[in-house]
There are 2 protein chains.
Amino acid sequence: MSRAGAIKPESDHILDRPMGDTDGIDFEIIELLFFAYRDFISDPDAILDTSGFGRAHHRVVHFVNREPGLTVAALLDTLKITKQSLARVLKQLIDSGYIAQVAGPEDRRQRRLFPTERGRELALALARPQSCRIANAMEGLGEDGRTAVKAFLSGMINPATRGAADDREDTIEGHKQ
Amino acid sequence: MSRAGAIKPESDHILDRPMGDTDGIDFEIIELLFFAYRDFISDPDAILDTSGFGRAHHRVVHFVNREPGLTVAALLDTLKITKQSLARVLKQLIDSGYIAQVAGPEDRRQRRLFPTERGRELALALARPQSCRIANAMEGLGEDGRTAVKAFLSGMINPATRGAADDREDTIEGHKQ
DNA sequence: AATTTATGTCAACATAGCTGACATATTCGA
DNA sequence: TCGAATATGTCAGCTATGTTGACATAAATT
């Protein structure tokens with residue numbers, strides 16, 4: 001091992017003061033979000049390890065179960081990934097019998113995605129520990145506290161995405177089903 | 001293209017009902033967390049694309065700036081990744097002059113990590129848009145609402161991690177610096 | 001002096017994203 | 001009706017970031 005560079009501590013303008021609440025930046029909540037999400041994701045990850053699937057599969061199974069019959073295009077839009085990226089995990093989920101494709105009733109080019117019973121079970125199994133973790137974290141909060149949390153999370157989301165759930169009903173821009 | 005399987009819609013027990021609030025699971029907040037974090041991360045991602053760095057670099061720069069002088073072991077513990085994984089990005093950050101290593105004053109085996117001015121600037125630049133997004137999402141909330149949000153996020157974190165920040169001061173278990 | 005610890009490094013591998021190019025089936029518009 | 005646009009699939013290759021296993025070195029500890 002060479003260890004080059006470890007010899008001269010006083011070159012190169014080293015800073016030894018912690019990056020605190022300078023510039024009015026709240027680093028604490030930035031870190032809270034990082035750790036919270038990391039642990040939030042770790043629950044389903046543990047289950048997925050057993051099944052041989054990954055996070056990518058989790059997301060697909062989740063949204064297909066939340067909105068059965070959604071098109072591939074709509075799913076791509078929700079996940080914000082490329083179709084090549086989706087193709088890999090989707091194929092595995094279909095081949096394993098978690099998701100089924102059906103040609104669109106109006107537009108037969110579409111492949112509408114539906115969960116099988118097996119897929120539904122998986123989605124529920126993955127959501128359950130996350131729901132528990134959330135319920136646990138909500139425990140101390142009152143009704144208004146919970147409302148605040150939801151409002152906060154909602155406010156963190158880009159406007160374009162924020163209305164996505166509504167697009168399932170009425171479709172104004174793009175991707176009409 | 002073969003399109004096998006798209007032909008028979010009625011086989012395989014397809015479910016067409018959305019996975020709603022069955023089992024008392026709050027899917028809405030699960031999705032809020034997913035979208036919130038995705039967009040929260042997208043801000044620094046855009047900046048990093050310019051610098052040729054990725055999310056992994058972001059995390060390292062962040063925590064080194066938050067706690068200058070932390071050891072490699074402590075950083076590994078925070079990030080929960082392997083040293084081989086860290087080595088790649090850390091080397092790049094050191095070679096590019098964002099982070100400097102200094103041999104530990106007491107234990108000279110340690111390589112304590114410090115930000116350079118350049119590293120500090122990067123960390124701040126990455127934190128700024130995230131802070132803005134948070135401030136924006138907090139806007140409507142009162143003081144108690146903000147407290148609720150922090151309590152919620154804190155409650156989402158695994159106990160082991162939750163006290164990590166305190167370990168910086170007094171060190172009880174493992175990794176004493 | 002022997003062992004443990006903190007760190008670095010090499011090699012190989014997996015997952016999950018990306019781009020670019022091209023194929024096929026279907027729908028739509030002139 | 002024909003050509004263009006659309007929805008989807010697929011091949012090939014690349015990148016980023018994680019993993020495991022094995023081994024090296026310097027310093028501390030016993």
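Proteins come first, then strands; the chains are lettered A, B, ... in the order of their sequence lines, and each starts at number 1. Computed from a predicted structure; not experimentally measured.
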Enquirer: Could you tell me whether the side chains of R17(B) and N65(A) share a donor-acceptor contact shorter than 3.5 Å?
Expert: no

Enquirer: Compute the bend angle of the helix from dA1(C)-dT30(D) to dA30(C)-dT1(D) from the end axes (five pairs per end), rounded to 10°.
Expert: 20°

Enquirer: Going by heavy atoms in the side chains, are E143(B) and T147(B) under 4.5 Å from each other?
Expert: yes

Enquirer: Within less than 4.0 Å of OP1 or OP2 of dG18(D), is there a side-chain N or O belonging to T82(B)?
Expert: no

Enquirer: State whether R108(B) places a side-chain N or O below 4.0 Å from either non-bridging phosphate oxygen (OP1 or OP2) of dA27(D).
Expert: yes

Enquirer: Taking atom types as they are modelled, would you say the side chain of R88(A) forms a donor-acceptor pair with the base of dG9(D) within the 3.5 Å cutoff?
Expert: no

Enquirer: Between the base of dT5(C) and the side chain of R109(B), is there a donor and acceptor pair under 3.5 angstrom?
Expert: yes

Enquirer: If the cut-off is 4.0 Å, is Q101(A) near the phosphate of dT8(D), judged by side-chain N/O to OP1 or OP2?
Expert: no

Enquirer: Mind checking whether L90(B) and L15(A) sit in one hydrophobic cluster, side chains of I, L, V, M, F, W, Y counted as touching below 4.5 Å?
Expert: no

Enquirer: Which whole-number value in Å describes the distance from F53(A) CZ to dA14(C) P?
Expert: 17 Å

Enquirer: Can you find a donor-acceptor pair, distance only, under 3.5 Å between Q84(A) side chain and dG20(C) base?
Expert: yes

Enquirer: Taking only residues two or more places apart in sequence, or in another chain, which ones meet F34(B) in a ring pair (Phe, Tyr, Trp, His ring centres under 6.0 Å)?
Expert: F63(A)

Enquirer: Looking at the base of dG9(D), is there any donor atom on it, or on the side chain of K83(A), that sits under 3.5 Å from an acceptor on the other one?
Expert: yes

